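Keep in mind that the numbers below use all heavy atoms, side chains included, and drop hydrogens, waters and symmetry copies. Just so it is clear, the model here is predicted, and its values are computed rather than measured.
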Amino acid sequence: MSAADHSVAGRQPGGHDDRPAFGVYIHWPFCLSKCPYCDFNSHVRREQIDEARWVRAFTKEIGHTAARAPGRVVSTIFFGGGTPSLMLPKTVAAVIDAIAGHWQIAPDLEITLEANPTSVEAERFRGYRTAGVNRVSLGVQALDDRALAALGRTHSAREALDAVEVARGVFGRYSFDLIYARPDQTPEQWSRELRSALREAGEHVSLYQLTIEPETPFAALHAAGKLRPPDENTARLLYDVTQEICAAHGLPAYEISNHARPGGECRHNLIYWRAHEYAGVGPGAHGRLDIAGERHATATEKRPETWLARVEKDGHGLVVDDVLTSAETADEFLLMGLRLAEGIDATRYTQIAGRPLEPERIDALRQHGLIETTPAGRMRVTLSGFPLLDSVVADLAA
């Protein structure tokens, strides 16, 4: 059995849930340093951040959003960044309280906070748990000190493992990220590193192939020929190794880059991939809100100080508030939903788009081994089709 075949056998069979869910994303835009591969909306500031002022601004924007989208029950809260673990625990607690003051809170609320695994930040974990955080996501990125230095990370592999141990004891629910397909990395090297990492894993890991994002230091190095990621064939081998090893460890892929034991999935990210509603709060945060029968795509001002000034003046930092057409909403549903091993319900696509997917296109993709039908009758991309996901979606949506 090939690596690809083996990983198909290990994929999760279902567990889908199309019931409406609502999430709140909070963006903390500050980092201690900027990683050379990162194109996220993150900023380094040497002066001390006035966190009380930021709490007031977050609270204002939460209130503005709640006025537009009242009556929601919040299923998940996600603190992303940037580096949210630079926030004081009392700041996190105040933001959670603001959300609870404007919306109803689900009894099984998931609250995730992204953290860098330095020893200083790990010491704050108990404070975050007291504040209400019940899941942490650690940016480990590698378990090799030379690779960490090349990635611009400020922690060591030992610090990362120590932070994972603290997270395990404090939260129970924890995840960590690794980046693979790094320059000069072989499948054998990655296999050893991944197996070592999975010995420390809980219910969830995120494994991302290194991509060269425009306007990053890595992009400049790549253009100058000083940084060479693995070629396409090696990258595919690395991907297949990832699927095989994770499946064997009981952590099959439930999304292209995310692996979990059944029931251990990140419920907040599932809201994105299942095309449910979420509010975006903070600089550069995106949202999707259903208001008066229309799907709104929202985005806020990206520059932190400008966002802060706008919120203090207007009560919100919105710079984009577009009503999506049914075709745009349906395309998003396809693009996001087909990232999942559970696939999509084609009937829901028909309801959104006002037309069904074309049977001829589905048949052609199925004959090429790119899509399949699950036992539950859902359509999903095969493991061999995942690297071609954009093309599959474009073909189906045409």
Side-chain angles (χ1 to χ4, degrees), residues 15 17 19-28 51 55 58-59 62 72-140 160-177 200-206 250-251 254-255 258-274 276-282 285:
D17 187 350
R19 290 177 298 176
F22 181 73
V24 181
Y25 175 79
I26 305 293
H27 190 77
W28 182 257
E51 294 195 29
V55 166
F58 282 137
T59 301
I62 289 164
R72 306 302 196 267
V73 178
V74 178
S75 305
T76 66
I77 300 170
F78 195 103
F79 290 87
T83 307
S85 55
L86 295 176
M87 303 166 74
L88 294 170
K90 67 178 183 180
T91 299
V92 173
V95 174
I96 294 170
D97 287 347
I99 292 169
H102 286 90
W103 286 295
Q104 185 179 342
I105 297 297
D108 59 347
L109 176 67
E110 174 191 271
I111 306 179
T112 301
L113 182 135
E114 291 183 334
N116 270 352
T118 63
S119 56
V120 173
E121 290 160 30
E123 291 169 3
R124 297 188 178 199
F125 284 1
R126 294 190 188 281
Y128 296 134
R129 185 69 186 90
T130 300
V133 174
N134 53 24
R135 182 178 182 275
V136 70
S137 179
L138 295 160
V140 169
L161 292 172
D162 289 345
V164 169
E165 185 176 355
V166 173
R168 184 185 299 119
V170 173
F171 295 100
R173 294 196 70 200
Y174 68 96
S175 178
F176 56 80
D177 300 353
E200 305 296 333
E203 61 181 10
H204 191 287
V205 292
S206 299
L251 289 161
Y254 71 98
E255 189 267 348
N258 288 274
H259 301 252
R261 304 187 194 285
E265 301 86 355
C266 175
R267 288 169 44 213
H268 183 83
N269 286 342
L270 283 173
I271 287 176
Y272 302 153
W273 297 321
R274 288 172 173 165
H276 295 311
E277 280 189 287
Y278 55 97
V281 177

#### Entry: Pairing residues for Arg168 by the side chain to side chain donor-acceptor pair (under 3.5 Å) criterion, not counting sequence neighbours
Tyr174, Glu200
### Task
Could you pull out the closest heavy-atom pair between Ala260 and His204, with the gap in Å?
CB-CD2, 3.9 Å
### Query
How far apart are the closest heavy atoms of Arg135 and Ser175, and which atoms are they?
NH2-CB, 3.7 Å
### Message
Tell me if a side-chain donor or acceptor on Glu265 pairs with a main-chain N or O of Gly263 at a distance below 3.5 Å.
### Response
yes
### Distance-minimising heavy-atom pair for Leu251 and Ala201
CD1-CB, 4.1 Å
### Query
Mind checking whether Trp273 and Tyr254 have parallel, tilted or perpendicular rings, split at 30° and 60°?
perpendicular
## Note on the structure
Residues at least two apart in sequence or cross-chain that pass ring pair (Phe, Tyr, Trp, His ring centres under 6.0 Å) with Phe22, listed by chain then number, are Trp103
### Within-4.5 Å side-chain heavy-atom neighbours: Pro20 and Glu277
no
### Query
Which heavy atom of Cys266 sits nearest a heavy atom of Phe78, and at what distance?
SG-CE1, 4.3 Å
#### Entry: Residues forming a side chain to side chain donor-acceptor pair (under 3.5 Å) with His102, sequence neighbours excluded
none
### Query
Does a side-chain heavy-atom distance below 4.5 Å link Ile99 with Ile26?
yes
### Task
Specify the closest pair of heavy atoms between Gly139 and Asn116, including all atoms of both residues, with the distance to one decimal.
O-OD1, 4.5 Å
#### Entry: salt bridge (charged side-chain N to carboxylate O under 4.0 Å, His left out) contacts in which one or both residues fall within residues 76-89, not counting sequence neighbours
none
### Task
Just jot down the salt bridge (charged side-chain N to carboxylate O under 4.0 Å, His left out) partners of Arg267, sequence neighbours excluded, or say none.
Asp108
### Task
With sequence neighbours left out, write down each residue that passes side chain to side chain contact (heavy atoms under 4.5 Å, CB included) with Glu203, or none if nothing qualifies.
Arg173
### Query
Of all residues at least two apart in sequence or in a different chain, which pass the side chain to side chain donor-acceptor pair (under 3.5 Å) check with Thr76?
His268
### Task
Output all residues satisfying side chain to side chain donor-acceptor pair (under 3.5 Å) with Asn258, sequence neighbours left out; order by chain, then residue number.
Ser206, Glu255
### Task
Report yes if the side chains of Phe79 and Ile111 come closer than 4.5 Å at any heavy-atom pair, otherwise no.
yes
### Message
Looking at every non-hydrogen atom in both residues, tell me the closest pair between Ile271 and Gly23 and how far apart they are.
### Response
CD1-N, 3.5 Å
### Message
Measuring only between side-chain heavy atoms, which start at C-beta, is Arg124 closer than 4.5 Å to Ser85?
### Response
no
Taking only distance into account, with no hydrogens and no angle test, what donor-acceptor pairs under 3.5 Å do side-chain atoms of residues 86-98 form with protein atoms, sequence neighbours excluded?
| unit_1 | atom_1 | unit_2 | atom_2 | d |
| --- | --- | --- | --- | --- |
| Thr91 | OG1 | Glu51 | OE1 | 2.5 |

### Side chains of His27 and Val281 in contact at under 4.5 Å (non-hydrogen atoms)
no
### Message
With no hydrogens and no angle check, just 3.5 Å: does a side-chain donor-acceptor pair link His276 and Tyr278?
### Response
no
### Task
Quick one: pull up CG in Asn269 and OH in Tyr25 and give me the separation to the nearest 0.5 Å.
10.0 Å
